[in-house]
Amino acid sequence: MSTPCSNEPCMNGAHCVAKYEDNDYQCSCAPGYTGHHCQIDVDECSSSPCLNSGSCSDHINSYTCNCLAGFTGINCETNINECLSQPCLNGGTCVDGINMFRCNCIQHTAGLSCATINVTDPIALYPLNATYTSKDSTGNQPDGITSNVQFAVGPDGNSQGSYQFFGVVSSYVELPNNGGLDIMHSMTLVMWVYSEGTDGPLFNYRPSGNWATHFWVNGGQFFTRFVKRNYEFLDPLISSVITTKRWYYVGMSYDYNTGLARLWVDGVEVHQLNVGIYTLATVGNVRIGVKSDDNRYFKGRVSKVQVYNVALTLEQVQAVKYRG
């Protein structure tokens, strides 16, 4: 029996509905098609669904957006956050952009990811090893004078990478200070220390007499005191009790601009004080191991002594750890 739908007029999988009273038919189109015979593919891209300059590809009853670099999402509606991976190093702040990021670097750091740490050259660097003995490797200061010390294993495993001090009055290194070590204002001292259990000076301005600025092992702790030019004491900075017979990367810093004094142990700030703004007592030769009018003599090893005439930041202290 012939019907209005017998000739299968509806296309693209449409369903034909016969209308006998009118001897006609109506096509019920499958999703994605339109027209009397469902012959027209609906263009889902005609509404411009893709955002942020994404390009639209039409399909049957669907579309896909091809996103520009830096965007994602069904309609390219989401700006990819390139800061999620935390690309900025050394305290830098990340600012997200389109398919990019920018790092706002803190002082003394630079580079796309703030990976470069800018550190001024030290005014003195005493490796205290077989290569340089007691010489300043920068050539800025006179050679140090050694007394009853010998080479020992250093923090890097070098068999002659440090000086051994024996904890007696005759065992020391003296660093001449013809004005080159008289920093007076901002300063940083970093060094490697291996204590064998006795107190004594690690970096003591003035071999005897009035106390000047000094860094010691005292009471089994790292102890530093900045001293005014008139030899008045400022408050000390003290670490927790240290473990003997292991290497520590230690140091102290003073910022003349802020009055902040810091004590560093293994590249970490362990004590900070605002001691005020003063000119420091950094006169006289420097002794490591002995202050001749004090009966406490350091026993252990010292290596890679660095002296700066600026207050280094945490990142800078960490960056110079293996200099020398």
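Atom CD of Gln26 and atom NE2 of His15 lie 10.0 Å apart (nearest 0.5 Å). Note that CD1 of Ile238 and CG of Leu263 are 9.0 Å apart. Values are rounded to the nearest 0.5 Å. Of the inter-residue distances, the one linking Glu196 atom CD with Phe166 atom CZ reads 9.0 Å to the nearest 0.5 angstrom. From Glu269, atom CD reaches atom CG of Leu260 across 8.5 Å, with rounding to the nearest 0.5 Å. We find the CD-CG distance between Glu44 and Asn61 to be 5.5 Å, quoted to the nearest 0.5 Å. Note: Leu51 CG to Thr78 OG1 = 9.5 Å, rounded to the nearest 0.5 Å.
In this structure the side chain of Val283 reaches within 4.5 angstrom of the side chain of Arg229, judged on heavy atoms. Under the 4.5 Å side-chain criterion, counting only non-hydrogen atoms from C-beta, Ile80 is in contact with Glu82. Counting only heavy atoms from C-beta outward, the side chains of Ile123 and Ile183 approach each other to under 4.5 Å. Here the side chains of Trp211 and Phe233 are in contact, with some heavy-atom distance below 4.5 Å. Inter-residue side-chain proximity for Met252 and Thr213 is flagged as met; some heavy-atom pair is nearer than 4.5 Å.
Listed by chain and residue number, nothing satisfies the side-chain hydrogen bond (donor to acceptor under 3.5 Å, both in side chains) test with Thr188 (two or more places apart in sequence, or in another chain).
Hydrophobic clustering keeps Val307 apart from Tyr322 (ILVMFWY residues linked when any side-chain heavy atoms are closer than 4.5 Å, directly or through intermediates). No path of Ile, Leu, Val, Met, Phe, Trp and Tyr side chains, each step under 4.5 Å between heavy atoms, connects Leu125 with Tyr132, placing them in separate hydrophobic clusters. Residues Leu234 and Leu189 share a hydrophobic cluster, clusters being chains of Ile/Leu/Val/Met/Phe/Trp/Tyr side chains in contact below 4.5 Å. Cluster membership for Val227 and Val275, using ILVMFWY side-chain heavy atoms within less than 4.5 angstrom, is not shared.
Between Tyr205 and Phe203, the distance from one ring center to the other falls under 6.0 angstrom.
A salt bridge links Asp156 and Lys304; the closest N-O separation between the charged side-chain nitrogens and carboxylate oxygens is under 4.0 Å. Comment: Lys321 does not engage Asp266 in a salt bridge, judged by the lack of any side-chain N to carboxylate O separation of less than 4.0 angstrom.
With respect to Ser303, the side chain to side chain contact (heavy atoms under 4.5 Å, CB included) criterion is satisfied by exactly one of Tyr163, Tyr249, Tyr194, Trp247: Trp247. Under the ring-ring contact (aromatic ring centres under 6.0 Å, His included) test applied with His185, the options Phe226, Tyr256, Tyr254 reduce to a single match, Tyr256. Of the residues Phe215, Phe165, Tyr172, the one that meets the side chain to side chain contact (heavy atoms under 4.5 Å, CB included) test with Ile288 is Phe165.
In this model, Cys38 has its SG atom within less than 2.5 Å of the SG atom of Cys29. Between Cys88 and Cys114, the two SG sulfurs stay at or beyond 2.5 Å from each other. Less than 2.5 Å separates the SG atom of Cys45 from that of Cys56. Less than 2.5 angstrom separates the SG atom of Cys5 from that of Cys16.
Counted within 6.0 Å of CD1 on Ile145, heavy atoms from surrounding residues, nucleotides or ligands total more than 12; the atom is thus considered enclosed. Within a 6.0 Å radius of CZ in Phe151, other residues, nucleotides and ligands contribute more than 12 heavy atoms. In Asn7, the CG atom is not crowded: 12 or fewer heavy atoms of neighbouring residues, nucleotides or ligands sit closer than 6.0 Å.
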- Take Phe222 and Tyr248, measure what ring pair (Phe, Tyr, Trp, His ring centres under 6.0 Å) needs, and give me the verdict at the end. CA-CA 10 Å; Phe222 292 116; Tyr248 286 93; 5.4 Å; yes
- Could you walk me through whether Gln160 and Asn129 pass the side-chain contact (heavy atoms from CB on, under 4.5 Å) test, one step at a time? CA-CA 6 Å; Gln160 295 184 313; Asn129 59 24; 5.9 Å; no
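Counted by atom type alone, Ser134 and Asp143 present zero donor-acceptor pairs between their side chains at under 3.5 Å.
Sorted by first and then second residue, the ring pair (Phe, Tyr, Trp, His ring centres under 6.0 Å) pairs involving residues 260-314 (not counting sequence neighbours) form an empty list.
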